[in-house]
Asks: 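The structure under discussion is supplied below as structure tokens; questions concerning it will follow.
Keep in mind it's a predicted model, so treat the numbers as computed, not measured.
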Amino acid sequence: MKAKKASPLDIPLELTKELPFSRHPLTIGIPKEKQKEEKRLAFTPEAVDMIVDAGHEVLIEEGAGEGINYTDSDYSENGALVVSEKEKIFSCDLIFKIAPPTFEEINILKKKTTILSMLQMPDITVDNIKAMQAKQINAIGYELMSSDGITFPVRNSISEIEGAASIFVASELLSNEKGGKGVLMGGVPGVSPTEVVIIGAGMAGTVAARAALALGATVKVFDSDIRKLRRLQNELRHPVFTSVFQPNVLFNAFDSADVVIGAMRYINDPVRYVISEDLIKTMKKGALIIDLRINQGGCFETTCFLPPEHPKIFEKHQVKHYCVPNISSRVARTTSMTLSNIFTPLITRMGETVGLTSMISTDMAFRSGFYMYGGKLVNNYVASQFNLPSNDIGLFLSVF
């Protein structure tokens, strides 16, 4: 006998509820970012609905969702409390930002607050670190979060978006409309294809290579790690030129490149490779450099640690440089949806544990994200940027 197909109305409501009601409700603050180019948020209204449904309270600053085309009403209708006072946002149990907290924001934080944000080292100063230490702040960098030290959910997701976006940016900047050479990314029959050189075979480099190949461009990828290059070739399933940083090969690639994309990953890496200015001088007139790691100090000598007032798009040695930070903010809604998918389950897990210390002890991904705990630096990479000592977070769990 043929079984009757279940109707959606026949499915018990409880089966559609994936989030259990929290035993330990939290207040979650979502501030509006001060930087003009920063449009991303950690949570969309749909994510807020799930969080509130799980028993937590969400406060969002007025106008915070405008950058991803959500209104205050969209958030309030999904259970968020929209407030105009920034002090209320920064008094919540957990504060989810995108950019690291500014000195002004740190000043209005209550003592021992937990704040989560991207780890953008050029935006973190010694004064900011000392101010957070004085208030015994718990600070988490999204890019540091990993359950096994190999896969980094936020870092990988953002890199995927950046890699894809970089090719669309390159296509735009090569056009006459944007003052480029007037060439089509990839080319057409009878015309030589665009040559794209990618520095870094990680997630961003792999996705950028895939997007460029799909448009018909010639792609060359360089990295210091042969294992990454091998993995990239296996994932692309397409013939692509790869090489380690061999000087002559690198020189020839830059000499003919139309686009160079810097996608090296520096967080937690002991060695920092930077493309020299002498190599950039060999590039042809009208070529384009896109630096995806400007928030980590830059991949090229011409882009390294540019001061805040420096133009984000400029020309040097007749080569156009695109150094706009947070390229994923160009597709802020997609990025925010991606972050929501990662952070909503995190909030659920936190609501099921007894306090911050318990969550750190039981959730390795959450624990690995801390670079400051109770005002103490607990991440070697961050501490080394300021020549400060780093501590083992495990030493503080029983006394904090």
Asks: Can you confirm whether Lys178 is buried at NZ, in the sense that more than 12 heavy atoms of other residues, nucleotides or ligands lie under 6.0 Å from that atom?
Replies: no
Asks: Between Ile275 and Ile199, does a side chain to side chain contact (heavy atoms under 4.5 Å, CB included) hold up when you go through it step by step?
Replies: CA-CA 9 Å; Ile275 300 300; Ile199 308 299; 4.3 Å; yes
Asks: Locate the shortest heavy-atom distance separating Glu143 from Ser117; write the atom from each residue and the value.
Replies: OE1-O, 4.3 Å
Asks: Strictly distance-based, threshold 3.5 Å: is any side-chain N or O of Asp72 a donor or acceptor partner for the main-chain N or O of Gly63?
Replies: yes
Asks: Quick check on Lys130: does its NZ atom have over 12 non-hydrogen neighbours (other residues, nucleotides or ligands) under 6.0 Å away?
Replies: no
Asks: Please give me the minimum heavy-atom distance between Pro101 and Met132, naming the atom from each residue.
Replies: CG-SD, 4.0 Å
Asks: For a quick test of reading the model, state the closest non-hydrogen atom pair linking Ser329 to Glu37 and the distance between them.
Replies: OG-O, 2.9 Å
Asks: Consider only side-chain N and O atoms of Glu46 and Thr44, and report whether a donor and an acceptor are under 3.5 Å apart.
Replies: yes
Asks: Let me see the working for Asp255 and Lys284 under salt bridge (charged side-chain N to carboxylate O under 4.0 Å, His left out), right down to the final yes or no.
Replies: CA-CA 6 Å; Asp255 183 59; Lys284 55 192 178 185; over 6 Å; no
Asks: Which heavy-atom pair separates Thr303 from Cys323 by the least distance, and what is that distance?
Replies: CG2-SG, 3.4 Å
Asks: Can you check salt bridge (charged side-chain N to carboxylate O under 4.0 Å, His left out) on Lys34 and Glu105, steps first, answer last?
Replies: CA-CA 10 Å; Lys34 296 184 65 176; Glu105 290 170 337; over 6 Å; no
Asks: Are any non-hydrogen side-chain atoms of Ile342 and Ser157 less than 4.5 angstrom apart?
Replies: yes
Asks: Mind checking the CD1-CG spacing from Ile95 to Leu59? Nearest 0.5 Å is all I need.
Replies: 10.5 Å
Asks: Answer with yes or no whether the side chains of Asp148 and Thr151 bring together a donor and an acceptor at under 3.5 Å.
Replies: yes
Asks: Locate the shortest heavy-atom distance separating Thr335 from Ser328; write the atom from each residue and the value.
Replies: OG1-O, 2.9 Å
Asks: Side chain to side chain contact (heavy atoms under 4.5 Å, CB included) for Ile290 and Val260? Distances and angles first, verdict last.
Replies: CA-CA 6 Å; Ile290 297 177; Val260 176; over 6 Å; no
Asks: Keeping the roles fixed (side chain from Asp49, backbone from Pro45), state whether a donor-acceptor pair exists under 3.5 Å.
Replies: no
Asks: Checking side-chain polar atoms at under 3.5 Å, does Thr302 have a donor or acceptor matched by the opposite partner on His321?
Replies: yes
Asks: Would you say Val319 and Lys285 make side-chain contact, with heavy atoms under 4.5 Å?
Replies: no
Asks: Is there a side-chain contact between Glu172 and Tyr322, using heavy atoms and a 4.5 Å cut-off?
Replies: no
Asks: Are any of the side-chain heavy atoms of Pro325 and Lys312 separated by less than 4.5 Å?
Replies: yes
Asks: Can you confirm whether the side chains of His317 and Glu277 place a donor and an acceptor under 3.5 Å from each other?
Replies: yes
Asks: I'd like to know if the side chain of Thr338 pairs up with that of Asn341 as donor and acceptor (distance under 3.5 Å, no hydrogens or angles considered).
Replies: no
Asks: With a sphere of 6.0 Å drawn around NZ of Lys88, does it hold more than 12 non-hydrogen atoms of other residues, nucleotides or ligands?
Replies: no
Asks: Does Leu94 reach the side chain of Thr27, with side-chain heavy atoms less than 4.5 Å apart?
Replies: no
Asks: State, yes or no, whether a side-chain contact exists between Lys97 and Ile30 at a heavy-atom distance under 4.5 Å.
Replies: no
Asks: Donor-acceptor pair, distance only, cut-off 3.5 Å: does the side chain of Ser159 make one with the backbone of Asn156?
Replies: no
Asks: Is there a donor-acceptor pair closer than 3.5 Å between any side-chain N or O of Ser84 and the backbone N or O of Glu62?
Replies: no
Asks: Is there a donor-acceptor pair under 3.5 Å between the side chain of Thr206 and the backbone N or O of Leu232?
Replies: no
Asks: Does a sphere of radius 6.0 Å around CD in Glu177 hold more than 12 heavy atoms from other residues, nucleotides or ligands, not counting ones at 6.0 Å or beyond?
Replies: no
Asks: Can you see whether Phe300 has Arg293 sitting over its ring - NZ or CZ less than 6.0 Å from the centre and within 45° of the normal?
Replies: no
Asks: For residues Phe222 and Ile261: do they belong to one hydrophobic cluster (side chain heavy atoms under 4.5 Å, members Ile, Leu, Val, Met, Phe, Trp, Tyr)?
Replies: no
Asks: Please test Ser224 against Val244 for side chain to side chain contact (heavy atoms under 4.5 Å, CB included), starting from the C-alpha separation and ending with a verdict.
Replies: CA-CA 5 Å; Ser224 59; Val244 294; over 6 Å; no
Asks: Sub-3.5 Å donor-acceptor pair from the side chain of Ser336 to the main-chain atoms of Ala42, do we have one?
Replies: no
Asks: Between Val83 and Ile60, does the side chain to side chain contact (heavy atoms under 4.5 Å, CB included) criterion hold? Intermediate values first, please.
Replies: CA-CA 6 Å; Val83 298; Ile60 185 168; over 6 Å; no
Asks: Can you tell me how far the CD atom of Glu160 sits from the OG1 atom of Thr334, to the nearest 0.5 Å?
Replies: 12.0 Å
Asks: Can you tell if the side chain of Phe43 reaches within under 4.5 Å of the side chain of Leu339, non-hydrogen atoms only?
Replies: no
Asks: Ser384 versus Ser390: any side-chain heavy-atom pair under 4.5 Å?
Replies: no
Asks: What do the steps show when you test Lys320 against Glu315 for salt bridge (charged side-chain N to carboxylate O under 4.0 Å, His left out), and what is the final call?
Replies: CA-CA 4 Å; Lys320 181 178 286 189; Glu315 188 171 302; over 6 Å; no
Asks: Report the C-alpha separation of Asn326 and Arg40 in whole Å, then their side-chain angles, then the decisive distance to 0.1 Å, and conclude whether the side-chain hydrogen bond (donor to acceptor under 3.5 Å, both in side chains) test is met.
Replies: CA-CA 9 Å; Asn326 309 317; Arg40 301 168 296 178; 3.1 Å; yes
Asks: For Met121, look at atom CE and say whether over 12 heavy atoms of other residues, nucleotides or ligands are found less than 6.0 Å away.
Replies: yes
Asks: With clusters defined by side-chain heavy atoms of hydrophobic residues (ILVMFWY) lying less than 4.5 Å apart, directly or transitively, does Ile327 cluster with Leu306?
Replies: no
Asks: Answer yes or no: does atom CZ of Phe241 have more than 12 heavy-atom neighbours from other residues, nucleotides or ligands under 6.0 Å?
Replies: yes
Asks: Got more than 12 heavy atoms from elsewhere within 6.0 Å of NZ, Lys376?
Replies: no
Asks: Applying ring-ring contact (aromatic ring centres under 6.0 Å, His included) to Tyr381 and Tyr371, what does each step give before you reach the verdict?
Replies: CA-CA 9 Å; Tyr381 169 76; Tyr371 65 89; 9.9 Å; no
Asks: So does Ala365 get a backbone contact from the side chain of Asp363, meaning a donor-acceptor N/O pair under 3.5 Å?
Replies: yes
Asks: Let's go through Glu61 and Lys86 carefully: what are the C-alpha distance in whole Å and the side-chain angles of both, what is the deciding distance for salt bridge (charged side-chain N to carboxylate O under 4.0 Å, His left out) to 0.1 Å, and is it a yes or a no?
Replies: CA-CA 7 Å; Glu61 189 174 352; Lys86 193 175 286 287; 2.8 Å; yes
Asks: Do the side chain of Lys181 and the main chain of Gly286 share a donor and acceptor less than 3.5 angstrom apart?
Replies: no
Asks: May I ask you to decide if Cys299's main-chain N or O and Asp291's side chain share a donor-acceptor pair within less than 3.5 Å?
Replies: yes
Asks: Between Asp74 and Thr71, do the side chains contain a donor N or O and an acceptor N or O under 3.5 Å apart?
Replies: yes
Asks: Measure the acute angle between the ring planes of Phe96 and Tyr142, then classify it against the limits of 30° and 60° as parallel, tilted or perpendicular.
Replies: parallel
Asks: For the residue pair Ser256 and Glu195, confirm or rule out a side-chain donor-acceptor distance under 3.5 Å.
Replies: yes
Asks: If you look at every heavy atom in Ala217 and Met185, which pair is closest and at what distance?
Replies: CB-SD, 4.1 Å
Asks: Is a donor on one side and an acceptor on the other found under 3.5 Å between the side chain of Asn391 and the backbone of Leu377?
Replies: yes
